[in-house]
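Reviewing the structure listed below.
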There are 2 protein chains.
Amino acid sequence: MTTTVLPVVDITDAACCTPLTTEAIDAERAQDLAQKLKALADPTRLRLVSIVAASEGEEACVCDLIEPVGLSQPTVSHHLRILMEAGFLTRSKRGTWAYYKLVPGALGQLSQLLDVTSSR
Amino acid sequence: MTTTVLPVVDITDAACCTPLTTEAIDAERAQDLAQKLKALADPTRLRLVSIVAASEGEEACVCDLIEPVGLSQPTVSHHLRILMEAGFLTRSKRGTWAYYKLVPGALGQLSQLLDVTSSR
DNA sequence: CGAAGATATTGATGGATGTCAATATGCGCA
DNA sequence: TGCGCATATTGACATCCATCAATATCTTCG
């Protein structure tokens, strides 16, 4: 079994500090946050994340994702790659199958960045 | 003074229920959520929201927003319109000036939709 | 009324993006 | 070794999007 993690965006450092609403963010952090939001700002990718999150162990096989979203296999792979590069999913290959798993805390961290009041 | 509210997306009803991670969302809700996320998924718009949020009364004049983001006035107006149509800002015109104000709870609601754990 | 200033709208343009068909890659099994 | 299956990559294409210049609209003030 091979575990592939593409750390294009490291969730642990970038845009990890003050939320949007307390003080104006600079251009660099805005760019960073926008990149993550863009990865989620697609109906298909939202559904993929949602299905994975609702699955056993917050993990799902590609073969189980294609039919629910109703798109071609290459398109689904493409979306999964974007979600992985944005730091929301990781991929682990077991035999012929590829399993995508939610990165713990990734959504929560983004959530907290959007607003402070919701975290209290 | 004229207050303009474009309720293209009503924040109070659409996508208001279960967060992403508890159970798989349907195509309609995904479409709805994606529309809001897309409105925020731009560096310039994030900065605009952030500046407005950090201003007195969570409100700022267009004339005070152009210089910080460093883009042309029409472009800034365009972004503000998108943020308004997505339900994040409202516009009130006082004299020649247009003031954009944060919609209370709009960011918080989106934030909670992304993840449950951050709201506990 | 007419000029000046603030904001919105329109039109054009280059670049990003979602999608699929075709193809490649890699694994398991006979 | 070779076939079949699951997934990834490539290439092409249509559409969307961010941006600006030019222009329109609206308000205030002389």
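Chain naming here is simple, since letters A, B, ... match the order of the sequence lines and numbering starts at 1 in each.
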Are [X] and [N] close enough that a side-chain N or O sits under 4.0 Å from OP1 or OP2?
X        : N       : answer
Ser77(B) : dA8(C)  : yes
Thr75(B) : dA18(D) : no
Ser72(B) : dC20(D) : yes
Arg81(B) : dT9(C)  : yes
Arg91(A) : dT7(D)  : no
Arg94(B) : dT27(D) : no

Of all the nucleotides listed ([options]), which has the minimum atom distance to the side chain of [X]?
X        : options                  : value
Pro74(A) : dA21(D), dA6(C), dA22(C) : dA22(C)
Trp97(A) : dT27(D), dT7(D), dA8(C)  : dT7(D)
Leu71(A) : dT9(C), dT7(D), dC20(C)  : dC20(C)
Thr44(A) : dA22(D), dT19(C), dG5(C) : dT19(C)

Take atom [atom1] of [X] and atom [atom2] of [N], then tell me their distance rounded to the nearest Å.
X        : N       : atom1 : atom2 : value
Leu48(B) : dT7(C)  : CG    : P     : 13 Å
Lys38(B) : dT17(C) : NZ    : P     : 11 Å
Glu85(A) : dG18(C) : CD    : P     : 12 Å
Leu80(A) : dT9(D)  : CG    : C1'   : 14 Å
Leu83(A) : dA8(D)  : CG    : P     : 12 Å
Lys93(B) : dT9(C)  : NZ    : C1'   : 12 Å
Gln35(A) : dC17(D) : CD    : P     : 19 Å
Leu40(A) : dG18(C) : CG    : P     : 12 Å

Inset, instruction - Measure the shortest side-chain to side-chain distance between Leu80(A) and Val76(A) over non-hydrogen atoms and say whether it is less than 4.5 angstrom. - result: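 Result yes, sub-4.5 Å side-chain heavy-atom pair found.
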Inset, instruction - Evaluate the side-chain proximity of Leu37(B) to Leu46(A): yes if any heavy-atom separation is below 4.5 Å, no if none is. - result: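 The answer is yes; the side chains approach within 4.5 Å.
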Legend entry - Contacts of Glu59(B) that satisfy side chain to side chain donor-acceptor pair (under 3.5 Å) - sequence neighbours left out: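 Testing Glu59(B) for side chain to side chain donor-acceptor pair (under 3.5 Å), a comparison that skips the adjacent residues, returns Arg94(B).
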I need the [X] [atom1] to [Y] [atom2] distance, nearest 0.5 Å.
X        : Y         : atom1 : atom2 : result
Leu40(A) : Ser50(A)  : CG    : OG    : 11.0 Å
Leu20(A) : Leu33(A)  : CG    : CG    : 6.0 Å
Leu83(B) : Leu102(B) : CG    : CG    : 9.5 Å

Inset, instruction - Have a look at His78(B) and say if it touches a base, only the backbone sugar-phosphate, or nothing, with a 4.0 Å heavy-atom cut-off. - result: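 Answer is base: heavy atoms of His78(B) come under 4.0 Å of a base.
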Inset, instruction - For Tyr100(A), report the nucleic acid contact type (base, sugar-phosphate, nothing); a contact means any heavy atom under 4.0 Å. - result: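 Sugar-phosphate contact only.
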Inset, instruction - Report yes or no: is there a donor-acceptor pair, N or O only, under 3.5 Å between the side chain of Gln73(A) and the base of dA6(D)? - result: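 Answer is no: no donor-acceptor pair is held.
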Legend entry - Cluster check Leu65(A), Ile82(A): I/L/V/M/F/W/Y, side chain < 4.5 angstrom: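 Hydrophobic grouping puts Leu65(A) apart from Ile82(A).
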Legend entry - Same apolar cluster: Leu89(B) and Tyr99(B), side chain cutoff 4.5 Å: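 Hydrophobic grouping puts Leu89(B) apart from Tyr99(B).
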Inset, instruction - Under 4.0 Å from any atom of DNA chain D, heavy atoms only: list the residues of residues 57-70 of chain A that qualify, in numerical order. - result: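 Contacting residues: Cys61(A), Val62(A), Cys63(A).
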